[in-house]
Every structure is written in C-alpha cells, then in structure tokens.
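One structure is given here, and the rest of the page talks about it.
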There are 2 protein chains.
Amino acid sequence: MCPSKVAEGAARGWLVPIGGAEDKGRDARILRRFVALAGGRAARIAVIPTASQSREAGPRYEQLFDELGARQVEVLDFGTRHDGQDRARLARIEQASAIFFTGGNQLRLSTLLGGTPAAQLIRARNAAGIPVGGTSAGAAILSEHMIAFGREGAAPQADSVRLAPGLGLTNRFVIDQHFRQRDRLGRLLAALAYNPFAIGIGLDEDTAAFIGPDNTLEVEGSGAVTVVDAGELEFSSMAEASERDPVCMLGLKMHLLLAGATYNLATRTASPGTLAREPT
Amino acid sequence: MCPSKVAEGAARGWLVPIGGAEDKGRDARILRRFVALAGGRAARIAVIPTASQSREAGPRYEQLFDELGARQVEVLDFGTRHDGQDRARLARIEQASAIFFTGGNQLRLSTLLGGTPAAQLIRARNAAGIPVGGTSAGAAILSEHMIAFGREGAAPQADSVRLAPGLGLTNRFVIDQHFRQRDRLGRLLAALAYNPFAIGIGLDEDTAAFIGPDNTLEVEGSGAVTVVDAGELEFSSMAEASERDPVCMLGLKMHLLLAGATYNLATRTASPGTLAREPT
C-alpha cells in the first residue's frame with residue numbers, strides 16, 4: 001500500500017520504529033522522546049497491543065506513558081477484523097495525538113488490521129501530522145514492505161526472508177528489529193535484493209529511528225541503526241538463485257549509526273550529527 | 001611488515017586464503033585449483049602444519065594434495081623459533097613450487113615463524129612467483145595486519161578485535177575466516193575502523209579468494225566472500241569510543257561475492273565475472 005497523501009501545506013507526522021527491548025527504567029530515553037513528540041503534558045496516546053498475545057502488553061505501556069507525563073493513554077485492542085470498523089475505536093484514533101504499537105507478532109497486526117477502516121484512519125492521521133511509533137513487531141508494521149519472518153545469519157539467501165504488506169506509512173524503507181541481537185543482516189539484505197529501491201534499516205534493541213516529516217532519521221538509544229542502501233547495486237544474483245543459495249550482491253552501501261547520528265532518506269546521506277564533536 | 005619487493009619484470013605469486021572447512025571430497029574444488037596453480041603434475045607443495053596442535057594436520061594435507069596429483073608433498077613443521085633457521089627446512093622452501101598453511105591458531109604461526117629466515121624466504125619466494133595458500137588460521141597469517149582474535153557479532157565495538165602482524169605477503173587487505181558461520185562482520189569492521197586503508201575480506205567456510213598477481217581476487221567454493229571497502233569512510237567514532245562501545249561508521253561499501261565473481265583490489269571494483277550469464 002502506498003503512503004497516504006499528505007495535504008498541501010501539511011507535513012507528515014513522525015515515524016518512530018524501535019528495535020525492541022527499549023529501556024523502560026528512569027532514563028527511558030526513547031519512550032520519553034516519543035511522549036514529547038506526542039505533545040508532552042497534552043499527549044493523548046493510543047496504545048495498540050494487538051501484536052501481542054499477552055494481556056499485559058497494553059496496560060504496561062499505558063502505565064509507562066502515564067508515568068512519563070502523557071495526559072491520557074488508552075489501550076485499543078483489535079481482537080477481530082470486525083473491531084477495525086468499530087466506531088468507538090475509530091473515534092479514539094481520531095482523538096489521539098499519537099499512536100503506539102507494542103511488540104508481538106507483526107502478522108497479527110497485518111492480518112487483523114490490514115485494509116480495515118482503522119488502518120486507513122491511522123494512515124490518514126499520520127499523513128495529517130500525528131506521530132506513529134512501535135517497538136519490535138510494532139516497528140516492522142510501519143512500512144509498506146514488512147519483513148514477516150526470516151532466518152538468522154549475516155549473508156542473504158534467496159529464501160531467508162518473507163515479505164508481507166505492512167501499514168504503508170512510508171515506502172522508503174524496510175525495517176528489521178532486534179538486529180544485532182538476532183544476527184539479521186542476511187534477511188535484510190535478501191529483502192533489499194528482491195527490489196533495491198528501498199533503504200534497509202536494521203534497528204538494534206533499545207534503539208530507535210526518529211524519522212521526521214523531512215525524512216531525516218535520527219538515532220536514539222544505546223545501540224546502532226544499520227542503514228543499508230542498495231540503490232547503487234551493480235549486480236545481484238537473486239533472480240537466478242535457488243531457494244537455499246546464497247545471493248551475490250555487488251555495490252552495497254552501509255552505515256552504522258549511533259545515537260545522535262542522522263541519515264537523510266531522501267538524499268541518502270549519513271551524517272555524524274551530534275556525534276561529531278569539536279576537538280578539545 | 002611490508003610485502004617483499006617484486007623484481008622488475010617479475011610477478012608476485014598467487015595468494016589463496018581459504019575460509020576453513022574446505023571440501024576435501026571428490027570435488028575438492030578449492031584444493032584442486034590450488035594444486036593446478038602449484039604446477040599440477042609438476043607441483044612440489046610444502047605443507048606447514050605449525051598452526052595446528054594436531055599431529056594429523058600435516059599428513060592429512062600431504063595425502064590430499066597427493067591424491068589431487070601433486071608430484072611431491074612435504075610436511076614442514078616448525079616446533080621452535082630455532083627451526084626457522086634450519087638449513088634443511090629452508091632448502092625445502094627454496095625447492096617448493098607452492099606453500100600451504102593448515103588451520104589452527106594463527107598466533108602459533110606468527111609467534112614461531114615471524115621474523116625468522118623461513119618467514120623471510122617464504123616472502124621472497126612468493127614475491128618471485130610461487131603461490132602461497134592457507135586455510136583458516138593459515139589464511140589469516142598471509143596478510144600484513146592479521147586478526148589474532150576477537151568477539152562474534154555483526155556490529156563493531158572498539159575492543160571486538162585484536163590485530164597482530166602477519167606474514168605480510170600483502171598489505172592490501174585484512175582477512176577473516178569462518179565468516180558467516182561465526183558471525184564475524186563486527187570484528188572485521190572494527191579492524192577496518194582502526195585504519196580504513198585496507199580492504200576487509202570475510203571468507204565463508206569452503207570458500208577461497210584466489211588473488212592473482214594483478215591483485216584481482218576470484219571467488220571459488222560454495223560460500224560467499226564479503227568484501228568491505230572502508231576507503232571512502234566519511235566518519236568513524238573509533239578514536240572516541242570506549243572499549244565496549246559500539247562504533248559509528250558512515251560510508252562503508254560492501255560486496256557479497258559468490259564463486260566466479262571477482263574483485264579488483266587495486267581499482268576497488270567488483271564484477272559478477274562468470275556469474276553474469278547472457279539471458280537465455
């Protein structure tokens with residue numbers, strides 16, 4: 001699904017994919033920054049725990065965002081596709097100043113929400129300016145082409161990844177999470193080999209990409225964001241590879257970004273941002 | 001140690017680093033090709049098993065090269081640094097048409113051989129044209145800057161790798177082996193972050209880089225060779241990073257090469273080689 005059109009003069013809301021296992025202690029740098037984007041003391045955050053099978057996922061983030069000073073936090077679960085048409089739920093999305101997806105299984109999100117009025121409304125609200133974030137599965141769902149599942153390992157194989165349509169808030173990148181912790185470079189590369197137009201973003205745990213309306217991504221958290229740009233790929237053997245074959249890919253660009261560093265998804269340029277200090 | 005000077009009009013011999021666990025069965029593509037480079041039926045191969053603590057390492061390769069048709073195979077062990085001055089051993093290196101290092105611990109090779117007349121002679125013989133190959137630890141030892149040990153993981157940390165001087169047959173690259181199998185991208189990137197002048201070569205198991213006198217590398221075997229080119233690195237936080245910190249690296253180039261693909265270490269360009277077939 002292509003991203004919703006942004007009205008003339010308007011700006012798309014922030015996208016905040018998080019690599020999972022973000023710090024929930026006193027520091028909580030990522031969640032705190034998300035609350036600030038949502039409006040701080042005026043924030044009304046809708047938490048969607050649908051990816052998770054645990055009943056505690058929703059209430060846990062409700063409490064966290066509450067402690068971080070949000071004015072109102074509501075848990076909005078979708079147990080069936082029918083719930084995606086429910087007027088009360090749609091009204092809450094309409095009133096929210098930010099939406100947050102918990103972790104779990106991204107296929108629960110795409111199968112239960114995909115194509116429903118609720119999904120359409122989330123897309124429209126983001127296009128109108130409100131931030132949408134999510135952790136782990138909740139990060140994967142944000143983009144148009146979502147990694148549904150795949151195998152571990154550093155080298156791409158033809159069958160090492162399965163893509164599925166995501167919420168489509170952006171089509172500029174493919175997101176993967178728990179990146180370093182689960183050795184997922186190979187499956188991200190395989191996803192890019194299918195069609196190198198997108199930029200691959202591998203999020204470590206406790207690490208987030210804060211993607212502004214201008215498509216500049218800034219890293220927050222304790223780990224790295226691995227950006228893989230296959231836009232200048234010179235050769236790929238993906239089309240000829242058998243399922244378990246490794247894939248030849250020539251001409252990849254890669255950047256390892258830490259907190260403070262930025263990447264512009266439009267110009268495809270990385271910058272050390274606040275990491276580059278003046279010599280003392 | 002800088003590579004030995006190649007005499008005017010002469011050409012350096014091939015370098016054949018292998019990622020370990022190469023096929024030793026009927027196919028034995030890598031070892032077979034090494035024997036061919038060594039002269040085929042005229043080959044006189046000196047096998048140096050010094051990296052290994054196992055008594056079987058030498059005789060095993062002796063038998064393998066013998067079965068693959070080499071004219072003469074001799075095992076040449078170095079138990080002490082004194083052995084590196086032994087005239088009989090030096091004479092065998094002088095007569096060999098190729099030299100092969102088995103796997104084991106690369107620090108045994110560098111500590112026992114480094115700086116001895118035997119090491120000097122191997123360097124001189126390669127500069128004069130004979131091929132030198134090695135598997136696993138025997139691959140690591142070939143270059144000037146050798147990865148002595150390091151930690152697993154896809155992201156570089158300041159202390160994730162320790163370098164030591166190798167045999168110095170080339171200074172153009174840093175080699176790592178068992179690459180995909182042991183998740184070693186991070187330590188190779190850390191090695192390049194120290195000084196981005198070299199090109200990183202990550203060899204999968206049963207995969208070799210056949211590096212010709214013209215510094216063009218061709219891949220042989222069932223896995224991939226990951227080439228990392230940090231020559232255009234735009235930023236690195238290595239100098240400021242604490243030991244366990246991840247390292248920010250912007251502007252890396254990466255190529256995943258399969259059998260038949262080539263990489264020119266002088267021009268830093270990758271090519272699909274025989275992988276690029278005409279459409280049928």
Side-chain angles (χ1 to χ4, degrees), chain A residues 152-157 179-186 188-190 193 202 204 207 219 221-230 232-237 239-241 245-263 269-273 275-277 279-280, chain B residues 152-157 179-186 188-190 193 202 204 207 219 221-230 232-237 239-241 245-263 269-273 275-277 279-280:
Chain A
E152 302 199 351
Q157 290 176 302
F179 194 66
R180 217 179 351 153
Q181 288 76 13
R182 299 191 189 167
D183 193 14
R184 286 179 161 174
L185 180 61
L188 183 61
L189 291 175
D204 284 356
T207 310
V219 178
S222 63
V225 171
T226 302
V227 173
V228 183
D229 177 0
E232 292 169 41
L233 203 69
E234 294 144 17
F235 175 81
S236 148
S237 65
E240 287 80 33
D245 281 353
V247 178
C248 181
M249 298 176 78
L250 308 183
L252 292 161
K253 280 203 83 170
M254 189 162 73
H255 312 277
L256 303 170
L257 280 68
L258 298 180
T262 68
Y263 185 79
T269 48
S271 156
L275 273 174
R277 299 190 202 104
T280 49
Chain B
E152 302 199 349
Q157 290 177 302
F179 194 66
R180 218 179 348 154
Q181 289 76 12
R182 299 191 188 167
D183 191 15
R184 287 178 162 176
L185 180 61
L188 183 60
L189 290 176
D204 284 356
T207 309
V219 179
S222 63
V225 172
T226 303
V227 173
V228 183
D229 176 2
E232 293 169 39
L233 203 68
E234 295 144 17
F235 175 81
S236 146
S237 66
E240 287 80 32
D245 280 353
V247 178
C248 182
M249 296 176 78
L250 309 182
L252 291 162
K253 281 202 85 170
M254 188 162 75
H255 312 278
L256 302 170
L257 279 68
L258 299 180
T262 67
Y263 185 79
T269 49
S271 156
L275 273 175
R277 299 190 202 105
T280 49

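Heavy atoms only: backbone and side chains are in, while hydrogens, waters and symmetry mates are out. In what follows, chains carry the letters A, B, and so on, assigned in the order in which the sequence lines appear, proteins first and then strands, with residues in each chain numbered from 1.
Between the B:Thr262 side chain and the B:Gly273 main chain, no donor and acceptor come within less than 3.5 Å of each other.
Contact tally against chain A (heavy-atom pairs below 4.5 Å) for B:Arg184, B:Lys253, B:Arg180, B:Glu152: the top residue is B:Arg180. Among the candidates B:Val225, B:Leu257, B:Leu252, B:Val227, the residue making the largest number of heavy-atom pairs closer than 4.5 Å to chain A is B:Leu252. For the set B:Gly186, B:Gly202, B:Pro246, the entry with the most heavy-atom pairs within less than 4.5 Å of chain A is B:Pro246. For the options A:Ala224, A:Cys248, A:Ala270, A:Ser237, heavy-atom pairs under 4.5 Å to chain B are most numerous at A:Cys248.
Only the side chain of A:Leu185 comes within contact range of chain B, with at least one heavy atom under 4.5 Å from a heavy atom of that chain. Neither the backbone nor the side chain of A:Leu233 comes within less than 4.5 Å of any heavy atom in chain B. At a 4.5 Å heavy-atom cutoff, the contact between A:Val247 and chain B is made by backbone atoms alone. Of the two parts of B:Ser236, neither the backbone nor the side chain holds a non-hydrogen atom closer than 4.5 Å to a non-hydrogen atom of chain A. Of the two parts of A:Thr269, neither the backbone nor the side chain holds a non-hydrogen atom closer than 4.5 Å to a non-hydrogen atom of chain B.
Other residues, nucleotides and ligands contribute over 12 non-hydrogen atoms within 6.0 Å of the CD atom of B:Glu234.
For the pair A:Leu188 and A:Phe179, the minimum side-chain heavy-atom distance is below 4.5 Å.
Not counting sequence neighbours, the partners of A:Asp229 by the side chain to side chain donor-acceptor pair (under 3.5 Å) test are A:Arg268. A:Ser222 meets the side chain to side chain donor-acceptor pair (under 3.5 Å) test with A:Asp206; sequence neighbours excluded.
Across every non-hydrogen atom of A:Leu189 and B:Met254, the tightest pair is CD1-CE, 4.2 Å. Of all the heavy atoms in A:Leu256 and B:Pro156, the pair that sits closest is CD1-CD, 3.3 Å.
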